[in-house]
Amino acid sequence: MRILAASEPSKADKLNEDWFSASPNLVVVLDGATARTDTGCIHGVSWYAAQLGAAVSAQASDASITLPTALAAAIKTVAEKHPDCDLTSPGTPSAAVAILRRTPSHLEYLVLGDVGIILASESHLSVIIDDRVDKTAQAERREADEHPIGSAEKANALIRMKHAELAARNTKGGFWVSAADPTVVSHAIIESVPIETVTRSILLTDGAARLVRMFNDVSWREMLDLLENQGPSEALRRVRQLEESDPVAVRWPRNKKSDDATLVYVADPR
């Protein structure tokens, strides 16, 4: 088995709100949600992602615990670490979560929020991405996309978009992420596949997925080959190069020029 990983914040002087852990039997990747409003919490998103990631890894490392149970227990554990914060606030820190666990016969996975898992063999490729958040606040997203990054109009539109997005967070018909309520795990994408059907896999945050999903620089199959041949640092270098080529988001409308980016590549997980 070969495991390669890379993670970097959107800016060198900014805390990384992504988090990952990778071992032969368990890979966990988190993407902390950008805070554009009050959170009711004295801790930052980076703190929350790191605390939740560590708790998820500890729980899921026990193969007798199901992945939904592991995530639910981790959410509860982290909530108990900051009880004086307003965990009922719509903006309380949250994170998207992807977990991939190897058993002797299967690969189990869980995805909650807009992180992704790519599972591939020579003849088949599965893309598991929870994109429910993209279906919320549609009018507000379109308005934000009309303005260049750095403009007052863009900043104001993003605040309106965030409020609309938060109104749909962890609600029926909206989208689901890990925050302070463990019951959200019932809305996760959960599956297992026979281990012999997968030869390569990727877990990645939406910042790293930009190379495929936003910039269309490579296909998922080409991304797998890029990671195998040149490594994850090269993939992130290309993401940053494309972001820099469109600094105000005219060619590729987006909420911020650069995003935290994390990916973990696993070759021959059998």
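With contacts defined as side-chain heavy-atom distances shorter than 4.5 Å, the pair T92/Y48 does not qualify. Here the side chains of R238 and Q230 are in contact, with some heavy-atom distance below 4.5 Å. Two residues are said to be in side-chain contact when any heavy atoms from C-beta on lie closer than 4.5 Å; D217 and L242 meet this criterion. At a threshold of 4.5 Å between non-hydrogen side-chain atoms, the residues C41 and D86 do not count as touching. A heavy-atom distance below 4.5 Å is not found between the side chains of N25 and T103. Contact annotation: the side chain of I117 never approaches that of I189 to less than 4.5 Å [non-hydrogen atoms, C-beta and beyond]. Using a 4.5 Å heavy-atom cutoff, the side chains of E153 and E146 are not in contact. Contact of the I3 side chain with the V264 side chain is registered, since non-hydrogen atoms from C-beta on lie closer than 4.5 Å.
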| task | Take K76 and E80 through the salt bridge (Lys or Arg N to Asp or Glu O under 4.0 Å) test and state the conclusion after the steps. | result | CA-CA 6 Å; K76 183 174 183 292; E80 291 172 348; 2.6 Å; yes
| task | For the pair K257 and S10, evaluate side chain to side chain donor-acceptor pair (under 3.5 Å) and give the outcome as yes or no after the intermediate values. | result | CA-CA 8 Å; K257 184 185 82 171; S10 59; over 6 Å; no
| request: Quick one: do T197 and H124 satisfy side chain to side chain contact (heavy atoms under 4.5 Å, CB included)? Show the steps, please. | output: CA-CA 8 Å; T197 64; H124 183 69; over 6 Å; no
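At least one donor-acceptor pair under 3.5 Å links the side chain of T136 to the backbone N or O of V133. One N or O on the side chain of D130 and one on the backbone of G113 form a donor-acceptor pair closer than 3.5 Å. Between the side chain of S89 and the backbone N or O of T39 there is at least one donor-acceptor pair closer than 3.5 Å. The main-chain N or O of D62 is found under 3.5 Å from a side-chain atom of R101 such that the two form a donor-acceptor pair. Although no hydrogens or angles enter the test, the distance criterion places no donor-acceptor pair under 3.5 Å between the side chain of E165 and the main chain of K162. For the pair R2 (side chain) and V266 (backbone), a donor-acceptor distance under 3.5 Å is absent. Put simply, the side chain of T205 gets close to the backbone of T262: a donor and an acceptor are under 3.5 Å apart. A distance-only check finds no donor-acceptor pair linking the side chain of S151 to the backbone of H147 [under 3.5 Å]. Checking side-chain atoms of K154 against main-chain N and O of A144 turns up a donor-acceptor pair under 3.5 Å. Under a 3.5 Å cut-off, the side chain of N170 and the backbone N or O of V177 do form a donor-acceptor pair.
The salt bridge (charged side-chain N to carboxylate O under 4.0 Å, His left out) test with R254 singles out one residue from D134, D246, D259, and that residue is D246. None of V56, V97, V78 except one satisfies the side-chain contact (heavy atoms from CB on, under 4.5 Å) rule with S178; the exception is V97. Screening V193, I99, L67 for a side-chain contact (heavy atoms from CB on, under 4.5 Å) with E108, the sole residue that qualifies is L67. The only member of E243, K11, E8 that meets side-chain hydrogen bond (donor to acceptor under 3.5 Å, both in side chains) when paired with S258 is E243.
Transitive grouping of hydrophobic side chains (ILVMFWY, heavy atoms separated by less than 4.5 Å) keeps V45 and L87 in distinct clusters. L71 and L30 fall within a single hydrophobic cluster, where Ile, Leu, Val, Met, Phe, Trp and Tyr are joined by side-chain heavy atoms under 4.5 Å apart, directly or via other members. In this structure, L211 is a member of the same hydrophobic cluster as V127, with clusters built from ILVMFWY side-chain heavy atoms closer than 4.5 Å. Connection of I149 to L158 is not established within any shared hydrophobic cluster, with ILVMFWY side chains joined at heavy-atom distances below 4.5 Å, either directly or through further cluster members. By the rule that hydrophobic residues join a cluster once side-chain heavy atoms approach within less than 4.5 Å of another member, W19 and L15 end up as members of separate clusters.
The OG1 atom of T199 lies 7.5 Å from the CG atom of D268; values are rounded to the nearest 0.5 Å. Here the straight-line distance linking atom CG of L263 with atom OG of S7 works out to 8.5 Å at 0.5 Å rounding. From L204, atom CG reaches atom CG of D31 across 10.0 Å, with rounding to the nearest 0.5 Å. Rounding to the nearest 0.5 Å places CG of N229 at 10.5 Å from CG of L224.
Atom NZ of K135 has more than 12 heavy atoms from other residues, nucleotides or ligands within 6.0 Å. Within a 6.0 Å radius of CD1 in I65, other residues, nucleotides and ligands contribute more than 12 heavy atoms. Atom CG of D131 has more than 12 neighbouring heavy atoms from other residues, nucleotides or ligands inside a 6.0 Å radius.
Remark: the D181 side chain and the T183 side chain contain an N/O donor-acceptor pair separated by less than 3.5 Å. K14 and S46 share no donor-acceptor pair across their side chains, judged by distance under 3.5 Å alone.
Nearest heavy atoms, A235 versus L227: CB-CD2, 3.9 Å.
Under the rule for a side chain to side chain donor-acceptor pair (under 3.5 Å), N255 has no partner lying at least two apart in sequence or in another chain. Scanning for side chain to side chain donor-acceptor pair (under 3.5 Å) contacts around D225 gives R200, with sequence neighbours left out.
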